[in-house]
Amino acid sequence: MADDGDTGTVKEPLDLIRLSLDERIYVKLRGERELRGRLHAYDQHLNMILGEVEETLTTMEIDDETYEEIIKTQKRVIPFLFVRGDGVILISPPLRS
Amino acid sequence: MLFFSLFKTLVGKEVTVELKNDLCISGALHSVDQYLNIKLTNTRVHNEQKYPHMMSVRNCFIRGSVVRYVHLPPGAVDVEVLHDATRREARGG
């Protein structure tokens with residue numbers, strides 16, 4: 001489809017991800033997990049290699065008596081991580097909050 | 001084929017495979033295939049009290065589809081080479 005030397009133009013969503021190579025990104029995964037790390041590699045399955053990653057796990061518990069929602073997060077840091085693409089929901093530049 | 005090639009360069013290195021069922025298995029990467037199925041040797045499971053049935057397992061074959069993460073040794077891979085390989089691979093649909 002594209003010319004062999006044509007890596008500059010953005011034609012499809014995977015090309016958008018290419019713009020984020022060696023940049024920090026935000027990844028939302030299945031299982032209420034989020035990753036923030038530096039994108040080093042990816043493929044069409046969205047398998048990825050991320051460096052300097054922080055993983056955030058979010059759990060929600062409901063108090064039996066008050067029925068209030070208690071949202072808890074757990075974080076951990078992994079220096080160099082392969083992520084299998086079938087768990088990926090979305091990829092974005094890091095959200096600054 | 002990018003990640004298949006990457007894992008082939010990591011054969012022999014110590015890695016930790018985190019499965020989708022939350023099991024974490026550390027071991028030496030023995031081999032990998034095109035499906036990213038993984039064989040580990042000299043394995044030990046991380047949370048031994050929670051998964052006592054894995055204590056005596058020393059070698060295992062892990063189906064690629066059950067992997068969530070593979071924790072890799074930092075510095076084992078040249079990231080510049082990864083960036084170039086990615087640009088070549090993810091091109092042209």
task = Work out which heavy atom in B/L82 is nearest to a heavy atom in A/A41; give both atom names and the distance.
result = CD2-CB, 3.8 Å
message = Quick check: do A/D22 and B/V79 have side-chain heavy atoms less than 4.5 Å from each other?
response = no
Joint cluster assignment, B/L36 & B/L6, ILVMFWY side-chain distance < 4.5 Å = yes
remark   = Applying a strict 4.5 Å limit to non-hydrogen atoms, the region of B/T16 in contact with chain A is neither
Exam field: side chain A/R84 to backbone B/G64, donor-acceptor pair closer than 3.5 Å = yes
key: A/L19 versus chain B, the contacting section by heavy-atom distance below 4.5 Å   = neither
task = Verify the neighbour count for atom OH of A/Y67: are there more than 12 heavy atoms of other residues, nucleotides or ligands below 6.0 Å?
result = no
ask   = When hydrophobic residues are tied together by side-chain contacts of less than 4.5 Å, even through go-betweens, does B/L40 share a cluster with A/F80?
value = yes
remark   = Applying a strict 4.5 Å limit to non-hydrogen atoms, the region of A/L81 in contact with chain B is both
inquiry  = For the CD atom of B/E18 and the CD atom of A/E55, what is their distance to the nearest 0.5 Å?
reply    = 6.0 Å
query = Do the non-hydrogen side-chain atoms of B/K20 and A/R30 ever get within less than 4.5 Å of each other?
reply = no
inquiry  = Tell me whether A/E61 at atom CD has more than 12 heavy atoms from other residues, nucleotides or ligands lying less than 6.0 Å away.
reply    = yes
query = Can you hop from B/V15 to B/F4 via hydrophobic side chains spaced under 4.5 Å?
reply = yes
ask   = Linking I/L/V/M/F/W/Y whenever any side-chain heavy atoms sit under 4.5 Å apart, do A/Y42 and A/L16 land together?
value = no
inquiry  = So, taking the atom named NE2 in B/H83 and the one named CG in A/L21, what distance separates them when rounded to the nearest 0.5 Å?
reply    = 6.0 Å
ask   = Mind checking whether B/L2 and A/N47 have side chains closer than 4.5 Å, heavy atoms only?
value = no
request  = Give the intermediate values and the outcome of salt bridge (charged side-chain N to carboxylate O under 4.0 Å, His left out) for residues B/R87 and A/D43.
outcome  = CA-CA 10 Å; B/R87 287 188 197 101; A/D43 66 7; over 6 Å; no
inquiry  = Taking the ring of B/Y69 and the ring of A/F82, is the distance between their centroids below 6.0 Å?
reply    = no
ask   = Do A/I49 and B/V77 come close enough that some side-chain heavy atom pair is under 4.5 Å?
value = no
message = Which atoms of A/R33 are under 4.5 Å from chain B, going by heavy atoms: the side chain, the backbone, both sets, or neither?
response = side chain
task = Check whether B/D78 gets within reach of chain A through its side chain, its backbone, both or neither, counting any heavy atom under 4.5 Å.
result = neither
query = Is it the case that one hydrophobic cluster holds both A/V77 and A/M48, taking links as side-chain heavy atoms less than 4.5 Å apart, direct or via other members?
reply = no
